[in-house]
Protein chains: 2
Amino acid sequence: MSIPPLPGALEKIAVYETANALHSLAIHLLRRARAADRESGLSPERLSVLSVLTFAGPRTVSALAELEGVSAPAISRIVSGLEKEGLVKRERSTQDARQVRVAITNKGKSLVEAARRRRIERIAEELIRLRPGELGKLREAARVLARLEGEEKGAPRRLRQRKRNAGT
Amino acid sequence: MSIPPLPGALEKIAVYETANALHSLAIHLLRRARAADRESGLSPERLSVLSVLTFAGPRTVSALAELEGVSAPAISRIVSGLEKEGLVKRERSTQDARQVRVAITNKGKSLVEAARRRRIERIAEELIRLRPGELGKLREAARVLARLEGEEKGAPRRLRQRKRNAGT
DNA sequence: ATTAATATTTAACAAGGTTAAATATATTGT
DNA sequence: ACAATATATTTAACCTTGTTAAATATTAAT
């Protein structure tokens with residue numbers, strides 16, 4: 001608990017404590033999820049692109065780059081890899097022949113769905129050990145957080161631009 | 001919601017729904033946190049090693065490898081980078097001259113603390129928008145999850161071995 | 001005292017990140 | 001219409017981080 005005693009009311013300190021707790025728990029949860037992903041045989045980057053294509057539908061290379069927060073060349077290469085494994089299909093756009101639309105194949109789709117199932121399964125495995133009434137508490141908390149997230153979805157999203165620390 | 005209708009009681013389905021919700025929220029939370037990390041100017045890998053050294057104290061190269069779930073050569077190189085920036089110090093062990101103990105420097109420590117503060121700050125920024133009473137719900141949920149996590153800490157931990165998908 | 005085991009580093013390679021440059025197609029201005 | 005410009009993608013060259021295999025140094029064991 002090395003959270004600094006920022007100036008503010010007691011309530012604000014409780015906010016920090018809770019933020020801290022949620023942070024730890026999120027790390028724990030996603031560690032399990034990522035571990036489950038390894039069974040897919042795909043790298044996290046490829047699996048992520050595949051997931052985006054699953055929930056967002058076919059997308060151009062630049063759209064994928066934007067969504068993943070990486071450069072277009074990075075996506076181009078990842079798509080090449082996925083294509084070679086038959087998990088996505090590239091197709092020149094008819095409206096604008098500069099664009100390339102990337103679509104997930106059925107093979108890719110089932111791979112993503114299996115991976116997602118494993119992720120959720122791993123988390124659910126932990127929840128089974130909950131005591132009576134505790135599941136309800138989690139659901140309430142999830143609803144609260146989902147509302148927070150939903151609200152900011154309304155605001156225009158900042159363009160993320162990942163930056164690697166190159167030559168020090 | 002492509003969660004399969006696994007055989008089981010209604011309660012089990014609720015478990016899956018909650019797992020699903022928690023999963024989404026964890027992703028959202030950590031995305032923010034990672035974004036904040038970029039301000040540190042360190043790569044995620046280096047920052048992670050630095051964090052481990054902060055909370056676990058000085059460690060040998062192999063211990064770090066085990067904790068990070070990567071190979072010893074990978075850690076060795078990362079430590080070299082951190083050392084060059086003056087964030088850690090290498091020191092041959094006196095008990096066993098084969099081992100190298102890695103310790104964080106003051107510079108490294110303040111860098112990690114600043115990064116951690118930023119992470120928590122980003123999460124807290126969202127929580128400020130909570131309605132009265134909602135913070136309490138989150139705290140209860142956090143306590144429940146922390147107990148689950150704490151319990152399994154008791155069991156011996158499996159050795160993680162990260163595996164990159166090499167030649168496809 | 002050899003021999004075997006352990007800890008770290010170095011070497012050689014793959015994946016994925018970057019920016020810059022090459023290519024192809026659209027769009028715009030005169 | 002056509003030359004100039006802008007946009008979308010890919011290729012090229014380089015960096016970081018992952019891997020495994022081999023080199024080195026030190027400890028443990030027969």
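Look at CG on B:L47: it is 15 Å from C1' on D:dT17, rounded to the nearest Å. Here the P atom of nucleotide D:dT17 and the CG atom of B:L50 are 13 Å apart, to the nearest Å. In this entry the distance linking CD of B:E68 with P of C:dT8 reads 15 Å, nearest Å. We find that CD1 of B:I75 is positioned 11 Å from P of D:dT17, with the value rounded to whole Å. Distance, A:K84 NZ to C:dA14 C1': 12 Å, rounded to whole Å. Rounded to an integer number of Å, the gap from A:E45 CD to D:dT17 P is 14 Å. Atom P of nucleotide C:dT8 and atom CZ of B:R59 are separated by 13 Å, given to the nearest angstrom. For A:R101 and D:dT7, the CZ to C1' distance is 16 Å, given to the nearest whole Å.
Checking D:dA8, D:dT10, C:dT9 against the side-chain heavy atoms of A:Q99 singles out D:dA8 as nearest. Minimum atom distance to the side chain of B:A74 is reached by D:dT19, of the listed D:dT9, D:dT19, C:dG17. Ranking C:dG16, C:dG17, D:dT17 by closeness to the B:I78 side chain, first place goes to D:dT17. Side-chain proximity of B:A97 to D:dT27, C:dG16, C:dT18: nearest is D:dT27. Among D:dT10, C:dT8, C:dG16, the nucleotide with an atom closest to any side-chain atom of A:V61 is D:dT10. Checking D:dG18, C:dT9, C:dT18 against the side-chain heavy atoms of A:P73 singles out C:dT18 as nearest. Checking D:dT10, C:dT9, D:dT17 against every side-chain atom of B:R77, the shortest atom distance belongs to D:dT17. The side chain of A:S76 lies closest to D:dT11 when the candidates are D:dT11, D:dT26, D:dG18. Here D:dT17 is the nucleotide among D:dT17, C:dT19, C:dT9 with the atom lying nearest to any side-chain atom of B:S43.
With respect to B:E151 and A:R129, a salt bridge is recorded, a charged nitrogen being found less than 4.0 Å from a carboxylate O. Using a cut-off of 4.0 Å between Lys/Arg side-chain N and Asp/Glu carboxylate O, B:R77 and B:E45 are scored as not salt-bridged. Classification of A:D37 and A:R119 as a salt-bridged pair holds, one side-chain N sitting under 4.0 Å from a carboxylate O. A salt bridge is absent between A:E91 and A:R101: the closest approach of a Lys/Arg side-chain nitrogen to an acidic carboxylate oxygen does not fall below 4.0 angstrom. In this structure, B:E85 pairs ionically with B:R46, as a charged nitrogen and a carboxylate oxygen lie closer than 4.0 Å.
Considering only side-chain N and O atoms, A:S71 lies under 4.0 angstrom from the phosphate OP1 or OP2 of C:dT18. Within the structure, a side-chain polar atom (N or O) of B:R46 is placed less than 4.0 Å from OP1 or OP2 of D:dT17.
Heavy-atom nearest nucleotides on DNA chain C were determined for A:Q95 and for A:A72, and the one closer to the 5' end corresponds to A:A72.
Within the nucleic acid shown, A:S93 has no heavy atom closer than 4.0 Å to any nucleic acid atom. Across all strands shown, B:T60 has heavy atoms under 4.0 Å from sugar-phosphate atoms exclusively, and none from any base.
You won't find any donor-acceptor pair under 3.5 Å spanning the side chain of A:R98 and the base of D:dT9, going by distance alone.
Hydrophobic clustering (side-chain heavy atoms under 4.5 Å, transitive across Ile, Leu, Val, Met, Phe, Trp, Tyr) groups A:L29 together with A:L135.
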